Amino acid sequence: MIYQNLISELKANILYVTINRESKLNALNKETLAELADVIVFASETEEVRGVLLTGAGEKAFVAGADISEFSTYNTEQGEDLARSGQVNVFNAIENCTKPFVAAINGFALGGGLELAMACHIRVAADTAKMGLPEVTLGLIPGYGGTQRLTKLIGKGRATELITTADMITADRAEKIGLVNHVVPLAELITKAEEILNKIRQRAPLAIAAAIRCVNAAVNEGVNGFEVEIEEFGKCFDTEDFKEGAGAFLEKRRANFKGR
Ligand code: COA
């Protein structure tokens, strides 16, 4: 797929997506968001894709936020539209995608950039990365789900402090408070993300999808996650993958999952 602001490449069942606006620290403008929405649909619909590795071009930034130059004259209605369409088409779409997204945070992940990383299922950060939600320095608040996802990931007190002070934190601090799963030297960042995705791609795809739906249900208001788990667990039994996985175990061989 050819995009203007993304590099997207499918290799060995992993879709590598790089946000490629290095001169603007990979800030999310409208075109980039539209291309991200498109690539998420591609990942969801393409059987060969077993996971997505999302990163930013260059060594300085993952994504330094939404593109501030695009919304400086917006009013209430335009602001709501911006947040709603972004949440629906990109941020919630990533969270609800049943192919796991791993964010490889290679530098600044600020505002919409941190929100993008938080929408991903797993986060790995370079030890040089810096993270924060600085929107209140602009007279704004996070609009792409940041107030909700940060609170769920690190708890109310810490989320309130990060959002209201606009502090930037280091990767080590982010790991300590559960905002990222792993911190590695920048040179090992992609390898670490690949290591995780390479494990996942060997597992049963429909079970991975079911697991993502259940984990999401645990943090979504008004959904009984235990009930979702019971249903998803039951559905696994009717998959070819379960028969293959259980059969392979009993026959002492490696399972070959088809995602059916
Ligand atoms: N939106 C639009 N452009 C952005 C941007 C954003 N969120 N973040 C960086 N850029 C642009 C800068 O305007 C600059 O463009 P220019 O060279 O055409 O002037 C370029 O990216 C490089 O950024 P610069 O600020 O010169 O780099 P720096 O090393 O001095 O500072 C940051 C790096 C990340 C601290 C700084 O760019 C920053 O604070 N960015 C905004 C972060 C933010 O508030 N994000 C939340 C948005 S809601």
Side-chain angles (χ1 to χ4, degrees), residues 3-7 17-37 54-95 103-120 123-151 153-154 158-174 177 179-180 183 186 189:
Y3 293 115
Q4 299 302 310
N5 304 284
L6 301 182
I7 301 168
V17 177
T18 304
I19 297 167
N20 191 29
R21 292 186 79 213
E22 200 177 339
S23 66
K24 297 291 180 187
L25 303 188
N26 305 319
L28 299 174
N29 61 357
K30 280 197 190 109
E31 289 88 53
T32 309
L33 287 165
E35 290 180 1
L36 275 171
L54 181 62
T55 194
E59 296 197 346
K60 191 165 173 185
F62 172 71
V63 167
D67 193 318
I68 299 165
S69 67
E70 284 190 339
F71 53 72
S72 58
T73 60
Y74 274 17
N75 61 24
T76 296
E77 206 173 50
Q78 290 168 304
E80 275 189 23
D81 284 348
L82 179 74
R84 184 166 287 112
S85 65
Q87 287 193 18
V88 170
N89 298 320
V90 177
F91 296 78
N92 298 356
I94 290 177
E95 184 173 75
I105 305 172
N106 54 308
F108 287 115
L110 301 174
L114 181 56
E115 291 176 296
L116 188 65
M118 290 194 293
C120 292
R123 282 156 294 286
V124 181
D127 53 6
T128 50
K130 295 262 167 59
M131 285 158 254
L133 292 176
E135 284 86 348
V136 294
T137 66
L138 301 169
L140 286 176
I141 60 166
Y144 289 141
T147 60
Q148 305 304 296
R149 291 197 178 93
L150 187 67
T151 304
L153 278 166
I154 68 172
R158 284 177 172 145
T160 306
E161 183 179 340
L162 259 188
I163 293 167
T164 56
T165 60
D167 275 349
M168 251 191 241
I169 59 169
T170 62
D172 282 339
R173 175 76 186 145
I177 62 178
L179 183 52
V180 301
V183 178
L186 178 60
L189 180 68

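No experiment lies behind these values; they were computed from the predicted model shown. Only this structure's heavy atoms are used, side chains among them; waters, hydrogens and symmetry mates stay out. Ligands are counted one by one from 1 in listed order, and the atoms in each one are counted from 1 as well.
- Looking at heavy atoms from C-beta onward, Thr170 lies out of side-chain contact with Val183 at the 4.5 angstrom threshold.
- Note: an N/O pair closer than 3.5 Å links Ala66 and ligand 1 by distance alone.
- Leu116 has its side chain within reach of Phe62: a pair of non-hydrogen atoms, C-beta onward, lies under 4.5 Å apart.
- The nearest protein heavy atom to atom 25 (O) of ligand 1 is not closer than 4.0 Å.
- Considering all non-hydrogen atoms of both residues, Leu179 and Arg123 come closest at O-NE, 2.8 Å.
- The heavy-atom pair separating Arg21 from Asn5 by the smallest distance is CG-OD1, 3.5 Å.
- In terms of protein heavy-atom proximity, atom 45 (N) of ligand 1 is nearest to Ala64 O, 3.0 Å.
- Every heavy atom of Gly112 sits 4.0 Å or more from the atoms of ligand 1.
- Closest of all the heavy-atom pairs between Ala171 and Ala125 is CB-CB, 4.1 Å.
- At least one N or O atom of Lys24 sits closer than 3.5 Å to an N or O atom of ligand 1.
- Within a 6.0 Å sphere centred on CD of Glu161, heavy atoms belonging to other residues, nucleotides or ligands number 12 at most.
- Protein heavy atom in closest approach to atom 28 (P) of ligand 1: Lys60 NZ, 3.7 Å.
- Atom 1 (N) of ligand 1 lies below 4.0 Å from at least one non-hydrogen atom of the protein.
- Protein heavy atom in closest approach to atom 38 (C) of ligand 1: Leu110 CD1, 4.7 Å.
- Side-chain N/O atoms of Glu31 and Asn29 include a donor and acceptor closer than 3.5 Å.
- Under a cut-off of 6.0 angstrom, the local environment of CD in Gln78 is crowded, with over 12 non-hydrogen atoms contributed by other residues, nucleotides or ligands.
- There is no protein heavy atom less than 4.0 angstrom from atom 12 (C) of ligand 1.
- When only interatomic distances are considered, the shortest N/O to N/O separation between Ala27 and ligand 1 does not fall below 3.5 Å.
- One N or O on the side chain of Glu115 and one on the backbone of Gly146 form a donor-acceptor pair closer than 3.5 Å.
- Only the side chain of Pro134 comes within contact range of ligand 1, with a heavy atom under 4.0 Å; no backbone atom does.
- Those atoms of ligand 1 with a heavy atom of Asp67 less than 4.0 angstrom away are 1 (N), 2 (C).
- Remark: distances from the non-hydrogen atoms of Lys130 to ligand 1 are all 4.0 Å or more.
- Looking at ligand 1, you won't find any N or O of Ser69 less than 3.5 Å from one of its N or O atoms.
- Looking from atom 22 (C) of ligand 1 to the surrounding protein, the closest heavy atom is Leu25 CG, 3.8 Å.
- Of all the heavy atoms of Ser23, the ones lying under 4.0 Å from any atom of ligand 1 belong exclusively to the backbone.
- Considering backbone and side-chain N/O of Ile68, one or more are found under 3.5 Å from N/O of ligand 1.
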